[in-house]
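Beneath this line is the structure, given in structure tokens, with notes to follow.
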Amino acid sequence: MSEVAIRIEGLGKCYRLRHQGAVRYNTLRDDLVNWMKAPFQFLSGREKKGACEQEDFWALRDISCEIKHGEVVGIIGRNGAGKSTLLKILSRLVDPTEGGADLFGRVGALLEVGTGFHPELTGRENIYLSGAILGMTRHEIQRKFDEIVTFAEIEKFLDTPAKYYSSGMYMRLGFAVAAHLEPEILVVDEVLAVGDVQFQKKCLGKMKDVSVSGRTVLFVSHNMSAIRSLCSRAILLKDGRVAADGDVEKVTEAYMALHTDSKAFAGNLAAHPGASGSKKVVFEWARVGHGDGVENGQFCIGDDLHIEFKIKAGAKVVESFLKLGIMMRSQDGIKLCSLVDSDSGFVMDDFCAECELSVKLEDMRLYPGTYYITLWVGDITSINTYHWVEECLSFEVIDGGKLTSRKLSRAGGLLFWTPEWKKNNIKQGHE
Amino acid sequence: MIACQEKKPYWKIRPQKGWNPLDLLELWAYREVLWMLALRDIKLRYKQTALGVVWVILQPLLPGLIFAVIFGKFARLPSDGQPYLLFVFSGLIPWMLFSNMIQRSGGSLVTEARLITKVYFPRMLVPLASGVSVLVDFFVSMGLMFFLMVLYGVPLQPVLGLLPIFLLTAILLGAGIGLWLSALNVKYRDFMYALPFLVQVWMFATPVVYGMAVVPEKWRFLYSFNPMVGVVEGFRLCFLGKSSVGVEHIALSVGAALAFFILGSLYFRSVERGFADKL
Ligand SMILES: Nc1ncnc2c1ncn2[C@@H]1O[C@H](COP(=O)(O)OP(=O)(O)OP(=O)(O)O)[C@@H](O)[C@H]1O
Ligand SMILES: [Mg+2]
């Protein structure tokens, strides 16, 4: 029978938010001035200023759960859901405001790569420093020193100050030290989102080793495929509360389906405000999704994008030849494409009354962001527009996925291409 | 069914209120972190200065020489019949230990904000480690003092055996005030700007460049409410064998040092749980 490793009961964390102009920290001068003013304020009976400028904000509320020894649990949620806050409370960095947690074992936290590193110190010195700060004894570090160095691949630079390291080397070393911690409970916050793909693969591999070694692991990530491959259970946080807890597949699905700014389904399109055309044929509804018949407006790069819709004859006399088109535009107004059915070799020549169509865009390579879809149906000559619904659907591409876990900024591009790279060695110098 | 006894939790996380006592056991368990942090401070100090190790010697010697020239040669302050350089240096040693300790540890939490928000260890280790790193300078200055004494042909006194008492008092006082200042600095970031000035004023209220002998007899007891008076004059007594300091002044210093240390660490412990949120 497995024992409890972490028990969380009614945990809550409240932050005081100050508004407008209020500084993050007090100055002694201000407080002194306030103290001197205070007696006069008391005399004049006025309320103390400043009280109204504060607002309570619950970053976490009513969190309760039990995690057994040896369980590997993924913690997911959108930005600001409270994931890091939860880990910080469990690693004793911050105090909860209410409730509590019992930890049955030594906790090691990996909230950042390279904790305690100093750029002026050499790799060797940094290993000892960071190791000690993270909770390893000197003997432990000595024992694992070679392993750490090999994992980080910095043998040659061991006695070079870390400031001369490339950022990749720096992170490799940081992760290597942390990865050799051996606490009974390990909490890891999004450290895999850094470094190149090679490094991430390596980290993921190491995390796998840790997770099968029977240790309890709490693992925060936005990378659902990493979560799925590492964890058996996941907890979904939403606005500081537990929105779902259980089997990793179900919970990650729930995460994907969380309300977003995307509009994955549109019904009653004939009355859509952005619609025009003769309405001889009309769209009835439309949706985007992952091809399972459920609307879902969230995609990762490399996913298949399915656009499904139903068209219906709007008039008595039905044209059997139709032409269909799909336009897409990005958040910043760039027109991405105008897809026409005949370009894909699809011809609609037997339309009668109504039918459902689906368009599958394989291996979608758009950068993270929101994209809008416009639908068009007209006659075969493209001269007459029957129905044109502007931007009735939208979908969102988010970070993560099977192709990359690098953070991609929309400012960096629009298309995520992975072309083939080749190298041609050229002999140096002439003999 | 048999009711199974549950294992006791290794750690309980609860909202904390009120005062926390000093947890010496935990500090002891984390002693390696203290040592590594102090070692890092020392390494950095000598790596980052161009002069490197020379700086260790120049740092105490330069002010000693300057004071000796200004106050000894020009102002001709009395020095109890001792060479003025030795006289001022014997006072500078404990003073620099103390003032460097409070200044270094005072700013330490804010400089280490990144560390404090990312990993748990007793927060007290950060200001304490800064204090420990100052001890290295202290021992170098001690060596220098003995060298100067040989140079001037001043014999070692048997009272030198009392030095550990004064050293400990200086450390307790420096650590206590340093802890308090470092915690205060998290709340009031503007405080550190005022500190060098306050330290400067405090130095002139302490018998560093002048002797306690110049203070009129009837004021001496009041004067020694400055806890550094007993410490500085105590050091002078140990090195040079002569001082106007009395047992009552020393007792006051020791008492004040203990009080500052206890109050400083209590204050620190009571506010430390908010550090990670505020930094
Ligand atoms: N020290 C603080 N003071 C005030 N508010 C804070 C503080 N720390 C966190 N918060 C707030 O608490 C909320 C939860 O933050 P948290 O860092 O836990 O989010 P997260 O789930 O880790 O998000 P991300 O995915 O972006 O890392 C946020 O709205 C944040 O603004
Ligand atoms: Mg976070």
Side-chain angles (χ1 to χ4, degrees), chain A residues 1 3-4 6-8 11-13 15-16 23-31 88-112 114-116 118 120-122 125-126 128-138 141 161 184-185 189, chain B residues 4 6-17 20 26 29-41 43-48 110-112 114-123 125-126 129 184-195 272-279:
Chain A
M1 199 196 85
E3 290 171 59
V4 177
I6 305 173
R7 177 182 301 123
I8 304 174
L11 197 70
K13 173 79 191 173
Y15 282 114
R16 279 265 138 81
V23 278
R24 232 178 83 80
Y25 50 85
N26 321 23
T27 64
L28 186 58
R29 206 191 54 206
D30 290 350
D31 270 17
K88 277 187 178 169
I89 292 175
L90 291 181
S91 52
R92 294 153 67 186
L93 286 171
V94 301
D95 254 23
T97 315
E98 57 174 37
D102 291 339
L103 303 170
F104 298 84
R106 207 162 69 113
V107 178
L110 182 45
L111 303 186
E112 170 194 62
T115 313
H118 199 287
E120 295 284 344
L121 298 179
T122 66
E125 290 167 329
N126 270 320
Y128 277 98
L129 177 64
S130 178
I133 288 172
L134 290 172
M136 279 194 251
T137 65
R138 210 178 160 73
I141 305 172
E184 286 122 338
I185 301 168
D189 192 356
Chain B
C4 59
E6 200 164 66
K7 231 172 61 182
K8 245 182 79 190
Y10 177 85
W11 192 261
K12 274 177 180 297
I13 295 168
R14 296 286 180 276
Q16 290 176 43
K17 290 192 183 70
N20 270 347
E26 195 188 25
Y30 279 88
R31 62 192 180 279
E32 268 180 40
V33 179
L34 175 74
W35 174 239
M36 290 308 292
L37 286 175
L39 200 66
R40 182 201 58 176
D41 275 6
K43 276 184 191 158
L44 287 179
R45 199 144 5 115
Y46 299 117
K47 264 186 190 176
Q48 283 171 335
V110 175
T111 5
E112 295 301 338
R114 219 185 131 94
L115 203 55
I116 284 172
T117 52
K118 292 296 184 213
V119 59
Y120 177 81
F121 52 84
R123 275 69 186 79
L125 294 182
V126 171
L184 207 62
N185 192 30
V186 175
K187 195 169 175 205
Y188 301 114
R189 301 290 169 91
D190 58 344
F191 194 73
M192 283 323 271
Y193 303 115
L195 191 59
E272 71 174 349
R273 56 188 95 105
F275 286 166
D277 286 334
K278 291 201 188 88
L279 281 169

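Values reported hereafter were calculated over all heavy atoms of this structure, with side chains retained and with hydrogens, waters and symmetry mates removed.
If you take OG on A:Ser91 and CD1 on B:Ile13, they are separated by 8.0 Å, rounding to the nearest 0.5 Å. Rounding to the nearest 0.5 Å gives a distance of 4.0 Å between CZ of B:Arg114 and CD of A:Glu112.
Residues B:Arg14 and A:Pro96 approach most closely at C-CG, 3.9 Å, considering heavy atoms. Residue A:Thr115 comes nearest to B:Val119 through the heavy atom pair CG2-CG1, 3.6 Å, listed as atom of the first residue, atom of the second, then distance. Summarising the geometry of B:Ala276 relative to A:Val94, their closest heavy-atom pair is CB-CG1, 3.6 Å, with the distance given to 0.1 Å. For the residue pair A:Leu111 and B:Lys118, the shortest heavy atom distance occurs at CD1-O, 3.7 Å. Considering all non-hydrogen atoms of both residues, B:Arg40 and A:Leu129 come closest at CD-CD2, 3.5 Å.
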Side chains of residues 30-37 of chain B: which donor-acceptor pairs under 3.5 Å do they make with residues two or more places apart or in other chains?
| from | atom 1 | to | atom 2 | distance (Å) |
| --- | --- | --- | --- | --- |
| B:Arg31 | NH1 | B:Trp28 | O | 2.9 |
| B:Glu32 | OE1 | A:Arg138 | N | 2.8 |

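Between chain B and the options A:Leu134, A:Thr137, A:Val107, the largest number of non-hydrogen pairs under 4.5 Å is found for A:Thr137. Contact tally against chain B (heavy-atom pairs below 4.5 Å) for A:Lys88, A:Arg106, A:Glu98, A:Glu184: the top residue is A:Arg106. For the set A:Ile8, A:Leu90, A:Asp102, the entry with the most heavy-atom pairs within less than 4.5 Å of chain B is A:Asp102. Of the listed residues (B:Leu39, B:Leu125, B:Leu115), the greatest number of heavy-atom pairs within a distance under 4.5 Å of chain A belongs to B:Leu115. Put simply, of A:Gly99, A:Pro161, A:Gly135, A:Gly131, the one with the most heavy-atom pairs under 4.5 Å next to chain B is A:Gly99.
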Take A:Asp95 and B:Asp277, measure what side-chain contact (heavy atoms from CB on, under 4.5 Å) needs, and give me the verdict at the end. CA-CA 9 Å; A:Asp95 254 23; B:Asp277 286 334; over 6 Å; no
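Shown here are the ring pair (Phe, Tyr, Trp, His ring centres under 6.0 Å) partners of B:Phe121, two or more places apart in sequence or in another chain: there are none.
B:Leu184 does not touch chain A: none of its heavy atoms, backbone or side chain, sits under 4.5 Å away. Heavy atoms closer than 4.5 Å to chain A are found in both the backbone and the side chain of B:Lys12.
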